[in-house]
Amino acid sequence: MKALIPVSEIMTKHIIALDRTDDLTRAEALFKQHHIRHIPVVQEESIIGMLSYSDLLKISLADATNDDRDVDTVVYNVFTVEQVMSKNLVTVSSSTSIKEVAKILSVREFHALPVVDDSILVGIVTTTDLIKYMLKEL
């Protein structure tokens with residue numbers, strides 16, 4: 001039954017991650033270089049937080065409606081990744097069904113979920129991954 005397909009089938013396995021000691025300038029560079037909107041923050045292989053591009057915009061003086069303008073990096077020296085990242089994470093395992101992931105994303109209004117097996121970050125699943133899967137199945 002398709003409802004039981006595990007999220008491991010659609011998750012991103014090549015993880016772009018930040019270390020808790022990285023700075024926000026590096027975070028912004030990763031967001032732009034890889035065209036992503038969420039980056040897990042790790043300590044060794046364990047996830048300790050999630051940073052979104054929206055988190056950077058909230059602390060900057062940037063005009064979020066103008067993609068050509070760089071985020072004002074002056075405030076990046078004031079805050080650390082740990083101060084800005086989300087810490088109370090909801091995670092799923094690689095065996096969690098795509099249907100259950102869709103429920104979590106929609107009910108909790110998240111846009112990304114870390115995929116963790118045995119306390120180790122093994123992937124990330126986003127609403128984009130879910131939409132691509134649904135389009136393929138239609």
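The first residue in the sequence is number 1, and the count goes up from there.
- The two residues A112 and H38 have their closest heavy-atom pair at CB-CG, 3.6 Å.
- The minimum heavy-atom distance linking T127 with F110 is given by the pair CG2-O, 3.8 Å.
- Legend: side-chain hydrogen bond (donor to acceptor under 3.5 Å, both in side chains) pairs involving residues 106-115, not counting sequence neighbours: none detected.
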Apply side chain to side chain contact (heavy atoms under 4.5 Å, CB included) to D23 and T80, showing your working.
CA-CA 6 Å; D23 61 29; T80 66; over 6 Å; no

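- Remark: Q83 CD is packed, more than 12 non-hydrogen atoms of other residues, nucleotides or ligands lying under 6.0 Å away.
- Interatomic distance, E100 CD to S93 OG, rounded to the nearest 0.5 Å: 10.0 Å.
- The 12-atom threshold is exceeded at NZ of K87, counting heavy atoms of other residues, nucleotides or ligands nearer than 6.0 Å.
- Under a hydrophobic-cluster definition in which Ile, Leu, Val, Met, Phe, Trp and Tyr are linked whenever side-chain heavy atoms come within less than 4.5 Å, directly or via other members, V92 and V116 are assigned to different clusters.
- Under the 4.5 Å side-chain criterion, counting only non-hydrogen atoms from C-beta, Y76 is in contact with L56.
- In this structure, the side chains of L113 and T91 stay at 4.5 Å or more apart for every pair of heavy atoms.
- The heavy-atom pair separating K32 from Y53 by the smallest distance is CE-OH, 3.8 Å.
- Both V115 and I5 are part of a single hydrophobic cluster, where members link through side-chain heavy atoms under 4.5 Å apart.
- Counting heavy atoms from C-beta on, the side chains of M50 and P114 come closer than 4.5 Å.
- At least one side-chain heavy atom of V122 sits less than 4.5 Å from a side-chain heavy atom of M11.
- Side chain of D117 to backbone of S94: a donor-acceptor contact under 3.5 angstrom is found.
- The side-chain heavy atoms of I15 and L121, taken from C-beta on, include a pair separated by under 4.5 Å.
- Cluster annotation: I47 is not connected to L30 through the hydrophobic network of ILVMFWY side chains, with a link wherever side-chain heavy atoms come within less than 4.5 Å.
- Following chains of ILVMFWY side-chain contacts shorter than 4.5 Å, one cannot reach L51 starting from I124, and the two form parts of different hydrophobic clusters.
- Evaluation of the salt bridge (charged side-chain N to carboxylate O under 4.0 Å, His left out) rule for D55 yields no partner, not counting sequence neighbours.
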Take V125 and I10 through the test side chain to side chain contact (heavy atoms under 4.5 Å, CB included) and record every step on the way to the result.
CA-CA 7 Å; V125 62; I10 66 167; 4.1 Å; yes

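- For K132, the side chain to side chain contact (heavy atoms under 4.5 Å, CB included) criterion is met by T128, not counting sequence neighbours.
- Using a 4.5 Å heavy-atom threshold, the side chains of L130 and L105 count as touching.
- Across P40 and I16, no two heavy atoms sit closer than the pair CD-O, 3.3 Å.
- Between V84 and I59, some side-chain heavy-atom pair lies under the 4.5 Å cut-off.
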Evaluate the criterion side chain to side chain contact (heavy atoms under 4.5 Å, CB included) for residue pair V81 and R26; output intermediate values, then yes/no.
CA-CA 10 Å; V81 167; R26 174 163 165 67; over 6 Å; no

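- Both F79 and M85 are assigned to one and the same hydrophobic cluster, defined by single-linkage of ILVMFWY side chains at heavy-atom distances under 4.5 Å.
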Start with the C-alpha gap between S46 and Q43, add the side-chain angles, then the distance that decides, and say whether side chain to side chain contact (heavy atoms under 4.5 Å, CB included) holds.
CA-CA 5 Å; S46 296; Q43 186 170 356; 5.6 Å; no

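- Not one N or O on the side chain of D118 forms a donor-acceptor pair closer than 3.5 Å with the backbone of I120.
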